[in-house]
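Only heavy atoms go into these numbers, but all of them, side chains included; no hydrogens, no water, no symmetry mates. Protein chains get the first letters and strands the later ones, always in sequence-line order, with residue 1 at the start of each.
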Amino acid sequence: MAGSGDKVTLLAEWPSPYVHRAQIALELKGVSYEYLEQEVWVNKSELLLKYNPVHKKVPVLIHKGRPICESTIILQYIDEVWAGIGPSILPSDPYERAVARFWASYVDEKWFPSSTKIMKAKTEEEKAEAVEQSLTGLNLLEEAYEKSSKGKPFFGGDNVGYLDIVFGSALCWEKTIEKISGIKLIDETKFPLLAAWAQRFSAITIVKELTPETNKLVEFWKELQAIRNANTSGN
Amino acid sequence: MAVSGDEVKLLGTWASPYAIRVKIALGLKGVSYEYLEQQLRENKSELLLKSNPVYKKVPVLIHKDQPICESAIIVQYIDEVWAGVGPAILPSDPYERAIARFWAVYIDDKWFPATIKIIKVKDEKEKAEAIEQSFAGLSLLEEAYKKSFKGKPFFGGDNIGYLDIAFGSFLGWVRAIEKISDIKLIDEAKFPLLAKWAERFGSVTTVKENIPKTDKVVEYYSKVLKALWNA
């Protein structure tokens with residue numbers, strides 16, 4: 001199916017929700033790719049430094065020898081290159097596209113950072129503030145889901161789309177946050193629509209296959225925090 | 001020409017580079033719109049609060065009574081709704097689109113925050129750091145221009161495009177920061193390609209009409225922002 005020189009490689013890291021986004025999109029489009037696990041935290045790998053010199057982060061999609069960086073940019077690239085193959089990732093209507101992009105940006109800039117802050121908080125006060133911000137965000141997203149889905153199973157309608165992928169990829173971390181801090185964020189009594197959507201999203205075959213076990217993510221998080229603390233104390 | 005209900009309104013502020021992006025995009029597409037200058041500090045308008053309840057910021061484009069927020073999202077919306085009218089804003093090739101989007105995000109997330117910091121911070125060490133970061137960013141952009149844009153007059157090629165608009169909308173502020181801090185940022189000795197690009201960009205009609213005069217921005221900083229930031 002792929003012509004020579006059309007090889008697709010994904011520089012990745014197993015715990016990264018940003019990487020999962022790219023994997024879900026490639027799977028939806030039926031695109032074969034080479035998955036290359038990278039060293040991101042202690043000694044960044046050669047490939048990473050070569051293909052993403054500006055940010056030195058994953059995911060990086062390499063297609064026809066050229067790198068594409070930033071998960072949401074990768075999603076749009078995949079949607080555009082493999083347009084007409086498999087389902088569309090972004091909606092076709094410009095206004096709906098703008099709405100999907102808006103909430104995806106909100107998840108990345110506001111909701112996900114405030115949620116992971118719950119695990120990073122050093123005081124009870126900081127933790128409570130982060131929880132409040134995260135719940136405020138979920139209120140907005142519950143409303144957004146109602147408006148965007150119009151009674152359909154996903155933000156994207158009958159099939160998963162851009163916002164489902166962006167938001168849904170964070171769900172494994174929502175479970176990790178619950179395990180570490182004891183706080184259930186997407187509580188079905190508070191956010192019934194999102195809770196149901198989350199279950200549907202998590203049940204999708206490719207999502208099930210990709211999603212790391214919560215225990216492994218908890219372990220990963222603890223190791224990561226140890227590295228970060230070592231780096232700060234070493235300065 | 002405009003069908004009723006198809007009216008376009010833009011909520012913005014004259015100094016906002018993000019609002020300027022939208023003005024340039026609308027200008028390129030020849031779209032008529034009603035511009036509504038907003039108050040951002042006290043007394044945000046009902047319309048702003050209703051149209052952008054999440055961030056309460058400008059710009060907001062209102063089209064067919066529906067609000068679209070976030071400048072990058074608005075510019076892409078304009079490109080998609082008025083596709084085929086006037087020049088395309090995003091390139092047609094998916095890889096070139098990815099590059100344009102990448103650098104636009106870099107400018108918003110890294111370059112401009114470091115650059116504005118030059119006039120925000122009082123500590124000399126912090127200021128020096130901000131200047132260094134701004135220069136590092138300009139170095140990357142100079143290189144990107146050389147590599148990806150292959151000797152054409154603009155990042156978008158023969159005509160201004162998405163990245164030209166994303167970057168160039170900051171020029172009023174760049175000139176003001178240069179004046180206020182007495183530092184040449186887009187120095188043609190250091191960044192010859194960017195310096196020439198900035199001149200070309202600045203002389204495009206739609207741009208000239210929408211980028212505020214440097215002195216006006218400097219005055220705004222001296223009379224309003226300086227006190228606000230020092231609070």
S.K.: Going by ring-ring contact (aromatic ring centres under 6.0 Å, His included), name the residues that satisfy it together with B:Phe112, two or more places apart in sequence or in a different chain.
M.R.: B:Phe170

S.K.: Which heavy atom of B:Leu10 sits nearest a heavy atom of B:Ala19, and at what distance?
M.R.: CD2-O, 4.2 Å

S.K.: What closest approach, in Å, do A:Ile78 and A:Ala22 show between heavy atoms, and which atom pair accounts for it?
M.R.: CD1-O, 4.0 Å

S.K.: Distance check, rounded to the nearest 0.5 Å: B:Leu194 atom CG versus B:Leu185 atom CG?
M.R.: 11.5 Å

S.K.: Relative to chain B, which segment of A:Val54 carries a heavy atom at a distance below 4.5 Å: side chain, backbone, both, or neither?
M.R.: side chain

S.K.: Show the nearest heavy-atom pair for residues A:Leu75 and A:Ala25, with the distance to one decimal.
M.R.: CD2-CB, 3.5 Å

S.K.: Can you list every donor-acceptor pair under 3.5 Å that links chain B to chain A?
M.R.:
| residue | atom | partner | partner atom | Å |
| --- | --- | --- | --- | --- |
| B:Glu80 | OE1 | A:Arg97 | NE | 2.9 |
| B:Glu80 | OE2 | A:Arg97 | NE | 3.3 |
| B:Glu80 | OE2 | A:Arg97 | NH2 | 3.3 |
| B:Glu80 | OE2 | A:Arg101 | NH1 | 3.1 |
| B:Glu80 | OE2 | A:Arg101 | NH2 | 3.4 |
| B:Arg97 | NE | A:Glu80 | OE1 | 2.9 |
| B:Arg97 | NE | A:Glu80 | OE2 | 3.3 |
| B:Arg97 | NH2 | A:Glu80 | OE2 | 3.3 |
| B:Arg101 | NH1 | A:Glu80 | OE2 | 3.0 |
| B:Arg101 | NH2 | A:Gln76 | OE1 | 3.4 |
| B:Arg101 | NH2 | A:Glu80 | OE2 | 3.4 |

S.K.: Counting only non-hydrogen atoms closer than 4.5 Å, does B:Pro53 touch chain A with its backbone (N, CA, C, O), its side chain (CB onward), both, or neither?
M.R.: neither

S.K.: Thinking salt bridges, do B:Asp187 and B:Lys190 make one under a 4.0 Å N-O criterion?
M.R.: yes

S.K.: What part of A:Pro67 is in contact with chain B, defined as an atom under 4.5 angstrom from a non-hydrogen atom: side chain, backbone, both or neither?
M.R.: both

S.K.: Counting only N and O atoms by type, is there a donor-acceptor contact under 3.5 Å from the side chain of B:Asp164 to the main-chain atoms of B:Phe155?
M.R.: yes

